[in-house]
K.L.:
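I'd like to ask you about the structure that follows.
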Amino acid sequence: MAKMKMRESSKSDYEALRVARILENKARLESLGILNKVSKLREASTPTKKLRTNVKTVYGLTPLRRSQRIKDVAASTATFDDLSSRPSHEKLTTEEGEEEKERRIVTRNKWEEEKRPANAPLIELNPKDVEHFLSAESSGRRCDSKGRGSVYNPLLGICCHFCRQKKLCGEEDCKRCGNCDVDEPCLGKTDCSVCHSSNGVFCRACLKVRYGEEIEEVRENKEWMCPHCIEDKGINPYWICNSSICLRKRKMSPTGIAIHKAREMGYESVAHLLMEELKRGSRHKR
């Protein structure tokens with residue numbers, strides 16, 4: 001008890017001494033005017049908050065833009081002129097203006113076609129690009145692989161729905177990929193006679209491996225339909241597109257490289273294997 005009382009008394013003496021020193025130092029700072037300077041410096045360094053006024057932005061109601069080609073509606077002249085018009089600061093001479101006008105008329109006629117085949121999309125090529133595409137090196141390597149092609153071309157190449165490779169086809173007599181003639185269809189890519197969409201574009205290799213069809217037979221058959229249209233029309237509900245995109249939409253896992261498994265089991269292609277599996281699944285559900 002005595003020790004505790006001694007500790008408390010020593011502590012109280014220290015606290016009293018500390019408070020006295022604080023008051024003494026504060027009085028000395030006030031006499032020197034330092035506290036006023038510190039407060040002024042703090043006020044100057046503290047940024048003043050500006051009151052923000054909320055300004056409500058009113059957006060005008062404008063018509064939504066829609067792809068005329070997808071909606072199968074011919075583009076209006078005004079819309080086309082807006083797309084193909086030059087900036088106002090570019091002045092054309094009379095001769096250049098006539099050439100530009102003729103080019104617009106030709107392009108408008110192509111634009112207003114009812115349906116272009118999916119293996120012959122409308123594009124405009126720069127003459128410099130044509131020279132590059134027709135170079136001896138590019139032309140020589142194009143036909144090295146007849147299945148999917150050997151030359152990747154993001155502008156002239158047509159994307160296959162399954163492998164999604166925008167390659168020039170390896171067909172020797174293809175005028176589009178060989179001569180850069182954009183008005184000709186690509187002989188190495190398919191085109192659905194019903195939808196004419198990218199869903200029906202397959203290269204030779206994917207068409208054979210994934211669906212068991214030959215490109216020559218499809219090319220001769222003017223009424224060939226892609227798996228999407230076959231299913232939509234109810235011709236064969238179990239004949240589906242087995243691309244990874246379409247399988248994921250069906251909540252099915254992509255098959256990967258399943259051609260070896262399909263052929264080992266005696267099926268012609270991956271689509272035939274999936275068709276039989278879907279048939280067996282529907283029987284078990286019953």
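These figures come from a predicted structure and were not determined experimentally.
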K.L.:
Closer than 3.5 angstrom, by distance alone: can the side chain of Ser244 be matched with the main-chain N or O of Pro254 as a donor-acceptor pair?
P.N.:
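No: the side chain of Ser244 does not pair with the backbone of Pro254.
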K.L.:
State which residues pass salt bridge (Lys or Arg N to Asp or Glu O under 4.0 Å) with Glu264; sequence neighbours excluded, sorted by chain then number.
P.N.:
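None.
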K.L.:
Which heavy atom in Cys160 sits nearest to a heavy atom in Cys203, and how many Å separate them?
P.N.:
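For Cys160 versus Cys203, the nearest heavy atoms are SG-N, 3.4 Å.
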K.L.:
Taking only residues two or more places apart in sequence or in another chain, which ones pass salt bridge (Lys or Arg N to Asp or Glu O under 4.0 Å) with Arg219?
P.N.:
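For Arg219, the residues satisfying salt bridge (Lys or Arg N to Asp or Glu O under 4.0 Å) (neighbours in sequence not counted) are Glu171.
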K.L.:
If only atom types and distance count, is the side chain of Asn25 paired as donor or acceptor with the main-chain N or O of Arg21 below 3.5 Å?
P.N.:
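Yes, the answer is positive, given that a donor and an acceptor are paired below the 3.5 Å cut-off.
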K.L.:
Which residues end up grouped with Leu17 if you chain together Ile, Leu, Val, Met, Phe, Trp and Tyr wherever their side-chain heavy atoms are less than 4.5 Å apart?
P.N.:
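Leu17 shares its hydrophobic cluster with no other residue.
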K.L.:
Which value, rounded to the nearest 0.5 Å, describes the distance between Leu23 atom CG and Arg28 atom CZ?
P.N.:
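Going from the CG atom of Leu23 to the CZ atom of Arg28 covers 12.5 Å.
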K.L.:
Minimum heavy-atom separation for Met225 to Ser193, with atom names?
P.N.:
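In this case the closest contact between Met225 and Ser193 is CG-OG, 3.9 Å.
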K.L.:
Looking only at heavy atoms, which two atoms of Arg116 and His196 are closest? And how far apart?
P.N.:
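Closest pair (atom of Arg116, atom of His196, distance): O-CB, 4.1 Å.
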K.L.:
Under a single-linkage definition using a 4.5 Å side-chain heavy-atom cutoff for Ile, Leu, Val, Met, Phe, Trp and Tyr, are Met265 and Val209 assigned to the same hydrophobic cluster?
P.N.:
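No, separate clusters.
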K.L.:
SG of Cys177 to CG of Asn153: how many Å apart, nearest 0.5 Å?
P.N.:
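That separation rounds to 8.5 Å.
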K.L.:
In terms of heavy-atom contacts, does CD of Glu277 have more than 12 from other residues, nucleotides or ligands at under 6.0 Å?
P.N.:
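Above 12, so yes.
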K.L.:
Any ion pair linking Glu216 and Arg204 (charged N to carboxylate O, less than 4.0 Å)?
P.N.:
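Salt bridge flag = yes for Glu216 with Arg204.
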K.L.:
Is a side-chain donor or acceptor of Asn179 paired with a backbone partner of Asp181 at a separation under 3.5 angstrom?
P.N.:
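No, because the side chain of Asn179 does not come within donor-acceptor range (under 3.5 Å) of the backbone of Asp181.
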K.L.:
Partners of Pro237 by side chain to side chain contact (heavy atoms under 4.5 Å, CB included), sequence neighbours excluded?
P.N.:
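Pro237 satisfies side chain to side chain contact (heavy atoms under 4.5 Å, CB included) with no residue once adjacent residues are dropped.
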K.L.:
Check whether Arg176 reaches the backbone of Cys180 with its side chain - one donor and one acceptor, N or O, closer than 3.5 Å.
P.N.:
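No; judged by distance alone, with no hydrogens or angles, the pair does not exist.
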K.L.:
Looking at Pro185 and Cys174, what are the two nearest heavy atoms and their distance?
P.N.:
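Looks like O-SG, 4.2 Å.
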K.L.:
Dump the intermediate steps for side chain to side chain contact (heavy atoms under 4.5 Å, CB included) on His228 and His161, then the final yes or no.
P.N.:
CA-CA 12 Å; His228 300 85; His161 178 61; 3.6 Å; yes
K.L.:
Which residue pairs pass the salt bridge (charged side-chain N to carboxylate O under 4.0 Å, His left out) test with at least one member in residues 149-169, sequence neighbours excluded?
P.N.:
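Sorted result for residues 149-169: empty, none.
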K.L.:
Quick one: closest heavy-atom pair of Ser269 and Gly212, and the distance?
P.N.:
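Here Ser269 and Gly212 meet closest at CB-N, 3.3 Å.
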K.L.:
Side chains of Thr190 and Asn119: does their closest heavy-atom pair fall under 4.5 Å?
P.N.:
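No, too far: nothing below the 4.5 Å cut-off.
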K.L.:
Quick one: do Val151 and Leu156 end up in the same hydrophobic cluster if we chain Ile, Leu, Val, Met, Phe, Trp and Tyr together by side-chain heavy atoms under 4.5 Å apart?
P.N.:
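Both belong to a single hydrophobic cluster.
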K.L.:
Do Ile240 and Leu247 have side chains that get closer than 4.5 Å, going by heavy atoms?
P.N.:
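The answer is yes; the side chains approach within 4.5 Å.
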K.L.:
Using atom types as modelled and distance alone, determine if a side-chain donor or acceptor of Asp191 lies under 3.5 Å from a backbone N or O of Ala118.
P.N.:
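Side chain of Asp191 to backbone of Ala118: a pair is present.
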K.L.:
Looking at every heavy atom in both Leu278 and Met252, which two are closest together, and how far apart are they?
P.N.:
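Closest pair (atom of Leu278, atom of Met252, distance): CD2-CE, 4.5 Å.
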K.L.:
According to side-chain hydrogen bond (donor to acceptor under 3.5 Å, both in side chains), who are the partners of Glu223, at least two apart in sequence or on a separate chain?
P.N.:
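Counting only residues at least two positions away or on another chain, Glu223 forms no side-chain hydrogen bond (donor to acceptor under 3.5 Å, both in side chains).
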K.L.:
Linking I/L/V/M/F/W/Y whenever any side-chain heavy atoms sit under 4.5 Å apart, do Leu155 and Leu168 land together?
P.N.:
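Looking at the clustering, Leu168 is in the same group as Leu155.
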K.L.:
Can you find a heavy atom in the side chain of Cys195 that is under 4.5 Å from one in the side chain of Cys226?
P.N.:
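When only atoms from C-beta onward are counted, Cys226 and Cys195 do touch, with a gap below 4.5 Å.
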K.L.:
Can you list everything that forms a ring pair (Phe, Tyr, Trp, His ring centres under 6.0 Å) with Tyr211? Sequence neighbours excluded, please.
P.N.:
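Testing Tyr211 for ring pair (Phe, Tyr, Trp, His ring centres under 6.0 Å), a comparison that skips the adjacent residues, returns Phe202.
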K.L.:
Residues sharing Tyr152's hydrophobic cluster, by side-chain heavy-atom contacts under 4.5 Å among ILVMFWY, directly or via others?
P.N.:
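Noted: Tyr152 shares its cluster with no other residue.
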K.L.:
Side chains of Ile215 and Lys208, heavy atoms from C-beta outward: is any pair under 4.5 Å?
P.N.:
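Not touching, per the 4.5 Å side-chain cut-off.
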K.L.:
Would you please name every residue forming a ring pair (Phe, Tyr, Trp, His ring centres under 6.0 Å) with Trp239, sequence neighbours left out?
P.N.:
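Counting only residues at least two positions away or on another chain, Trp239 forms a ring pair (Phe, Tyr, Trp, His ring centres under 6.0 Å) with His272.
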K.L.:
Please check if the number of heavy atoms outside Ile257 that lie under 6.0 Å from its CD1 is greater than 12.
P.N.:
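Not buried by this count: 12 neighbours or fewer within 6.0 Å.
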K.L.:
Is there a continuous path of hydrophobic side-chain contacts, each under 4.5 Å between heavy atoms, that joins Tyr238 to Ile230?
P.N.:
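Shared cluster, yes.
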K.L.:
Is there a side-chain contact between Cys159 and Ser198 in this structure, where contact means two heavy atoms from C-beta onward sitting under 4.5 Å apart?
P.N.:
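Of all side-chain heavy-atom pairs linking Ser198 with Cys159, none is under 4.5 Å.
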K.L.:
So, using salt bridge (Lys or Arg N to Asp or Glu O under 4.0 Å) as the criterion, who are the partners of Arg250 when residues are at least two apart?
P.N.:
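So Arg250 forms a salt bridge (Lys or Arg N to Asp or Glu O under 4.0 Å) with Glu231.
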K.L.:
Only counting residues at least two apart or in another chain, list the ones meeting salt bridge (Lys or Arg N to Asp or Glu O under 4.0 Å) with Glu213.
P.N.:
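Glu213 satisfies salt bridge (Lys or Arg N to Asp or Glu O under 4.0 Å) with no residue once adjacent residues are dropped.
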K.L.:
List for me each residue that meets side chain to side chain contact (heavy atoms under 4.5 Å, CB included) alongside Val270, sequence neighbours excluded, and say none if there are none.
P.N.:
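Expected list: Arg210, Asn242, Thr255, Ala258, Ile259, Leu274.
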K.L.:
Give, for atom CG of Leu187 and atom SG of Cys169, the distance between the pair rounded to the nearest 0.5 Å.
P.N.:
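The distance works out to 6.0 Å.
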